[in-house]
Structures are given as structure tokens and as C-alpha cells.
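Side-chain atoms are counted along with the backbone in the values below, which use heavy atoms only and exclude waters and symmetry mates.
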Protein chains: 2
Amino acid sequence: MSWRKDQGRSERGYHHGNLKEALLQAALDLISQKGPAGFTFADAARMAGVSPAAPYRHFRDRDELLSSIAQRGFEQFESVLTQAWDDGRPDTVTAFERVGKAYLAFARNEPAFYSAMFESGIPVESNPALMAASERAFALIRAAAERLAAMAPPGVPRPPAMMMALHIWSMAHGVASLFGRGDGARRKLPMSPDDLLEAQVLIYLRGLGFPTDRRPSDQKPSGPPPVPPAGGSSGPWGTPK
Amino acid sequence: MSWRKDQGRSERGYHHGNLKEALLQAALDLISQKGPAGFTFADAARMAGVSPAAPYRHFRDRDELLSSIAQRGFEQFESVLTQAWDDGRPDTVTAFERVGKAYLAFARNEPAFYSAMFESGIPVESNPALMAASERAFALIRAAAERLAAMAPPGVPRPPAMMMALHIWSMAHGVASLFGRGDGARRKLPMSPDDLLEAQVLIYLRGLGFPTDRRPSDQKPSGPPPVPPAGGSSGPWGTPK
DNA sequence: AACTCATGTAAATGGCTTTAACATGAGCAG
DNA sequence: CTGCTCATGTTAAAGCCATTTACATGAGTT
């Protein structure tokens with residue numbers, strides 16, 4: 001299977017054979033190097049070994065390529081989050097935290113995707129497919145929030161799952177975009193972005209009345225844990241770790 | 001005072017007289033219209049009524065102009081937050097919420113500044129003046145967090161103010177950049193960004209053990225309010241408002 | 001073998017960025 | 001008032017991009 005164009009160099013007939021993929025990959029590389037702004041259509045073409053006009057056979061324009069990348073990004077994002085969620089196993093809170101870490105890991109490991117998705121300035125709502133992909137990703141977060149909300153302690157008004165989902169997303173996105181980028185993060189922190197987010201989410205959940213000492217105590221809100229006395233000896237922020 | 005170049009039109013000698021300011025203003029307009037990416041140096045020059053090369057007498061290049069704008073943005077930002085904080089009057093929690101609203105208002109009303117500050121891709125750390133301005137703005141948030149932390153309920157480990165500040169900033173930035181932009185916000189919400197953030201912060205503070213029923217009960221943690229039973233009848237999210 | 005259509009290329013247009021050489025005129029020295 | 005000088009503008013030009021149009025290639029089909 002190595003007979004076709006090997007590395008876009010000399011060996012390649014008139015036709016590339018897989019240009020669309022090559023362009024997406026090239027763009028991804030370029031974006032991770034120079035940001036979504038620095039990326040140029042011509043560069044991607046050059047990197048794929050074709051003329052500057054060739055990409056137009058596969059993408060209406062530069063923005064469409066960017067949109068495609070963002071869309072793929074959302075798809076991978078959804079996939080990654082779904083795996084992390086693992087349908088709430090072994091228990092809802094643990095799984096939820098895993099999702100948070102997966103979120104940050106994605107932002108860190110796939111800065112190109114992440115910036116295409118959230119910082120490229122492309123109008124998400126203008127592209128139905130893109131928006132659908134985006135919503136599928138968010139749906140995972142919402143589903144997880146739903147499960148969390150369902151195990152809210154009894155006797156208190158149950159928090160709207162949608163609101164929780166939006167809050168969680170905001171926290172994750174806030175941490176990721178302020179501190180968690182692979183690009184050598186913008187600012188110095190007293191703790192890792194992962195820890196920062198984890199503490200934040202735990203505090204938030206505690207604020208909703210959830211027990212946050214994480215045990216497989218799921219599905220069993222029988223013993224009324226009304227509210228953990230707000231910080232035993234193991235708060236969400238340990239001693240200077 | 002209206003004799004000088006009035007609107008960059010015909011009446012203007014060889015020299016503009018105030019080009020630097022005019023360029024900054026023009027860039028600001030352009031960015032708010034087309035985003036930090038769509039903004040072009042040449043456009044700004046045109047808008048100011050000068051040749052495309054003129055701006056180079058005032059800014060090394062396009063990026064320096066962007067940095068200048070970001071810096072001014074941070075300065076205004078700091079000013080706005082400082083006013084909102086009002087040194088914690090009438091009480092810490094109220095003032096704190098005002099800061100949150102001011103944060104979102106800034107992002108909404110000054111999208112050009114906000115995107116130059118957080119989404120233009122300019123490396124903050126490379127420009128000392130810019131970074132300093134950024135840190136002064138953050139210092140305000142940290143100072144407020146410090147005050148909040150100081151009034152933490154007794155008997156529980158006091159949360160690190162720095163961590164709180166980072167958390168609050170993440171929440172505000174997360175909400176602002178996901179939902180709170182003037183550009184017709186990216187997604188539909190069941191509640192306003194302001195309410196979303198307020199609820200989030202309240203839940204978070206409650207998670208830290210703070211009383212969140214907001215009264216001028218400051219400075220007076222005498223009557224031990226250990227923890228409000230996590231959601232009386234007035235949770236941070238009212239009935240569908 | 002001839003056809004056709006997707007996929008590439010070449011060349012041209014129009015912008016933008018940036019630089020270099022030149023022009024203006026505002027402020028200051030005499 | 002007369003000149004000088006330097007900050008501030010202008011023109012012109014090089015080099016890069018995006019995008020379009022006309023043309024070329026060749027893979028798959030008939």
C-alpha cells in the first residue's frame with residue numbers, strides 16, 4: 001500500500017489521490033504551529049505538494065477548510081468525552097471528573113482542533129453540520145449532568161441539568177482557554193490546570209449539595225447525606241500538593 | 001477645536017496630527033465588526049485617511065497595533081472591574097457579584113477589546129507592558145478573592161485566595177467566551193449569561209461554605225452560619241425566572 | 001479506442017504587508 | 001524672519017495570499 005504518492009514528493013502523477021485528507025492534515029499541522037490565524041491555504045497546498053489552486057477542488061474556500069477541521073474536532077471531541085464518561089462507570093462523580101480531565105487533555109493535546117473549534121472565529125451557527133457536531137458533543141456533557149442531577153440529595157430543589165451542563169462546560173472551557181493550552185500556557189499557575197479544574201468542579205458540586213468524597217455510593221442516596229459539613233479535612237484543594 | 005482635519009476627509013494637510021489615536025480607534029471599530037482576524041492594517045489606514053504605509057510610523061507592524069489594543073483593553077478592563085468592586089462595598093458578596101456582571105458587560109460591550117485581549121493569538125508573555133496590564137487586571141480579581149477568603153466561615157480550612165481567583169476568572173471567561181459575546185452569542189441559552197454566571201458563582205461560593213443569601217452581614221461572622229442547608233427555598237437558580 | 005468528468009495546473013487579478021526612497025512642514029536656532 | 005532638521009506622510013515596489021478562469025490529465029466507462 002505504499003505505491004501511491006508516498007509523501008507528496010516527486011512520485012506523484014497528475015493526480016494526488018487523496019488530496020482532501022492531505023490538506024486537512026496539513027492544515028492541522030499548520031494551525032497547531034501558527035494558530036488558526038497564521039494558517040494559509042497556500043501553505044497547506046504546498047505542504048501537500050500541489051498547486052495553490054488545487055485545494056479549491058475540495059473546499060469552497062479557506063473558511064470551509066477551517067469549518068471542516070472544526071467539525072472533525074467536535075467529532076473527535078465527542079468521541080473522547082464519551083469514552084471518558086463510559087456511561088457513568090464506575091460511579092457518576094468519578095466518571096464526571098474523568099470527563100473533565102479528558103476535556104483538558106483534548107485542549108492540550110489537540111490545540112489545533114480546539115482553536116479551530118472555539119477560537120477561529122468561524123460562525124458555528126452558519127454551518128448546520130458543524131453546529132450538529134457541536135451539539136452532539138455538548139449533549140454528552142448534558143447527559144452526564146443529567147445523571148448527576150438525578151443523584152442530587154433529596155429534600156433540596158434539584159438543580160436543572162441543563163444549567164449544570166452549561167456551568168461545567170464554562171468551567172472547563174475557561175480553564176482550558178486561559179491556562180490549559182499546549183502552547184506553553186499563557187500564565188503561571190500555583191497548580192496544574194487539571195487540578196484547578198478538578199477542585200473547581202468539586203467545590204461547585206458541593207455547592208449543589210453533592211457529596212464530594214467520591215465513593216461508589218451511587219444509586220444509593222438512601223442514607224440522607226444532606227450536606228457534607230463543607231470541608232472536613234479533605235477539601236478539594238489538598239495541602240500544597 | 002474643530003479646525004483640525006475633521007473626519008480625515010479632505011481637510012487635512014500632509015500631516016494627520018493624531019494618527020496613532022485614529023488608527024487605534026479605527027482598528028477597534030474594524031475588530032468589533034470583523035473580528036481580530038478580519039482586521040487589516042491597510043483598512044485601518046484607509047479609515048484614518050492615510051496611505052497604507054503611514055501606520056508603520058507608529059507601530060512596528062500589525063501585531064504591535066493589536067498588542068496596543070489589548071493593552072488598552074486590559075487597562076479599561078481593570079478600571080471597570082475596580083469600579084465595580086468598589087472596594088467591597090456595601091458588602092463583599094454583593095460587590096463580588098457586581099464584578100462578575102461587570103466582567104460580562106465588558107465582554108459584551110467591548111467585544112473588540114475582549115477578543116484582542118483573549119483571542120487574537122498575540123503572545124501576552126512576549127510583551128512586558130501587556131503582561132503587566134494583564135496582571136494588574138487579574139490582581140483586582142485576586143484582591144477581591146482575598147477579601148472573600150478572609151470571610152470564610154471559621155472552623156474549615158480557608159480556601160487559597162489565589163485558587164479562588166483563578167476559579168472565578170475561569171468561570172467568567174468561560175461564560176463570556178462561550179455565550180456572552182455581543183456577536184449574537186454562539187448558542188441559545190435557557191438563561192442570560194449574567195444569570196448563568198451569577199448562579200455559578202453562588203453555587204461555587206456555597207461549595208466553599210460561604211453564606212450565599214447575601215446580606216450586609218459582612219465583617220460579622222459572629223453568629224456562626226456554618227453552612228446554609230444547601231438550598232433553602234431560594235437557590236441560586238430561582239424558579240424558571 | 002473514445003469520451004467524460006473529477007482533479008490538477010497555469011496564469012492573472014486584486015489585496016495586504018512591509019520596506020525603501022523621497023516629500024512636507026512644524027518646531028526651533030539664530 | 002530664515003533655515004535646518006526630524007517626525008510624519010507618501011509613492012513605488014517586492015513578495016505573499018486568496019480566488020477565479022481557462023486549460024490539461026488521466027481514471028473509469030462505454
Side-chain angles (χ1 to χ4, degrees), chain A residues 1 3-27 29-31 33-69 116 120-122, chain B residues 1 3-27 29-31 33-69 116 120-122:
Chain A
M1 290 307 185
W3 47 270
R4 193 199 290 274
K5 85 167 174 45
D6 286 319
Q7 282 308 24
R9 185 48 54 197
S10 46
E11 293 326 315
R12 201 209 81 212
Y14 197 88
H15 292 89
H16 182 290
N18 196 24
L19 186 52
K20 189 161 187 173
E21 278 310 314
L23 288 172
L24 286 166
Q25 189 54 55
D29 289 353
L30 289 169
I31 293 176
Q33 285 171 31
K34 311 189 293 183
F39 145 75
T40 101
F41 220 33
D43 254 334
R46 206 168 304 133
M47 192 162 302
V50 297
S51 75
Y56 290 86
R57 294 297 177 194
H58 300 277
F59 302 96
R60 178 175 18 278
D61 56 21
R62 187 176 169 287
D63 279 359
E64 191 178 286
L65 205 181
L66 229 50
S67 287
S68 294
I69 288 182
S120 60
I122 54 175
Chain B
M1 289 306 189
W3 46 271
R4 193 201 290 276
K5 87 170 172 46
D6 288 315
Q7 284 307 24
R9 184 50 54 200
S10 47
E11 292 325 316
R12 201 210 81 208
Y14 197 87
H15 292 87
H16 182 290
N18 197 24
L19 185 52
K20 189 162 185 170
E21 278 310 314
L23 287 173
L24 286 166
Q25 189 53 54
D29 289 354
L30 289 170
I31 293 175
Q33 285 171 31
K34 311 189 291 180
F39 145 75
T40 102
F41 220 31
D43 254 333
R46 206 169 302 133
M47 192 162 300
V50 296
S51 74
Y56 289 86
R57 295 297 177 194
H58 300 277
F59 303 96
R60 179 175 16 275
D61 57 19
R62 187 177 169 285
D63 279 359
E64 192 179 284
L65 205 182
L66 229 51
S67 286
S68 294
I69 289 183
S120 60
I122 54 175

#### Entry: Qualifying salt bridge (charged side-chain N to carboxylate O under 4.0 Å, His left out) pairs with a residue from residues 52-63 of chain B, counting only residues at least two apart or across chains
B:Arg60-B:Glu64
Enumerate the protein-to-nucleotides 3-5 of chain C contacts in which both atoms are nitrogen or oxygen and the separation is below 3.5 Å.
none

### Query
Which nucleotide of DNA chain D is the first, and which the last, in the 5' to 3' direction, to come under 4.0 Å of a heavy atom belonging to chain A?
D:dC17 to D:dG26
## Note on the structure
By side-chain contact (heavy atoms from CB on, under 4.5 Å), B:Ala53 pairs with (sequence neighbours left out) B:Ser51
### Summary
The side chain to side chain donor-acceptor pair (under 3.5 Å) partners of B:Asp29 (sequence neighbours excluded) come to B:Gln25
#### Entry: Listed partners of B:Arg46 passing salt bridge (charged side-chain N to carboxylate O under 4.0 Å, His left out), at least two apart
B:Asp43
### Task
Answer with base, sugar-phosphate or nothing: what part of the nucleic acid does A:Thr40 contact at a heavy-atom distance below 4.0 Å?
sugar-phosphate
### Query
Is the closest side-chain heavy-atom distance between A:Leu24 and A:Ser68 below 4.5 Å?
yes
### Message
Nearest whole Å is fine: how far is C:dG8 P from A:Lys20 NZ?
### Response
12 Å
### Message
I'd like to know if B:Tyr14 reaches the base of C:dG25 with its side chain such that a donor and an acceptor end up less than 3.5 angstrom apart.
### Response
no
#### Entry: Under the side-chain contact (heavy atoms from CB on, under 4.5 Å) test, residues paired with A:Ala26 that sit two or more places apart
A:Ala44, A:Met47
#### Entry: Residue pairs involving residues 39-67 of chain B (criterion ring pair (Phe, Tyr, Trp, His ring centres under 6.0 Å); sequence neighbours excluded)
B:Phe41-B:Tyr56
### Between P of C:dT18 and CZ of B:Phe41, the distance in whole Å
7 Å
### Query
Whole-Å distance between C:dG8 P and A:His16 NE2?
7 Å
### Query
Hey, does B:Ala54 reach any base, or is it just sugar-phosphate, or nothing, if we go heavy atoms under 4.0 Å?
base
### Message
Which residues in residues 55-62 of chain A have a heavy atom closer than 4.0 Å to any atom of DNA chain D?
### Response
A:Tyr56, A:Arg57, A:Asp61, A:Arg62
#### Entry: Gap between atoms NE2 and C1', on B:His15 and C:dA23 respectively (whole Å)
9 Å
## Note on the structure
Sorted by chain and number, sequence neighbours left out, side chain to side chain donor-acceptor pair (under 3.5 Å) with B:Glu21 holds for B:Arg72
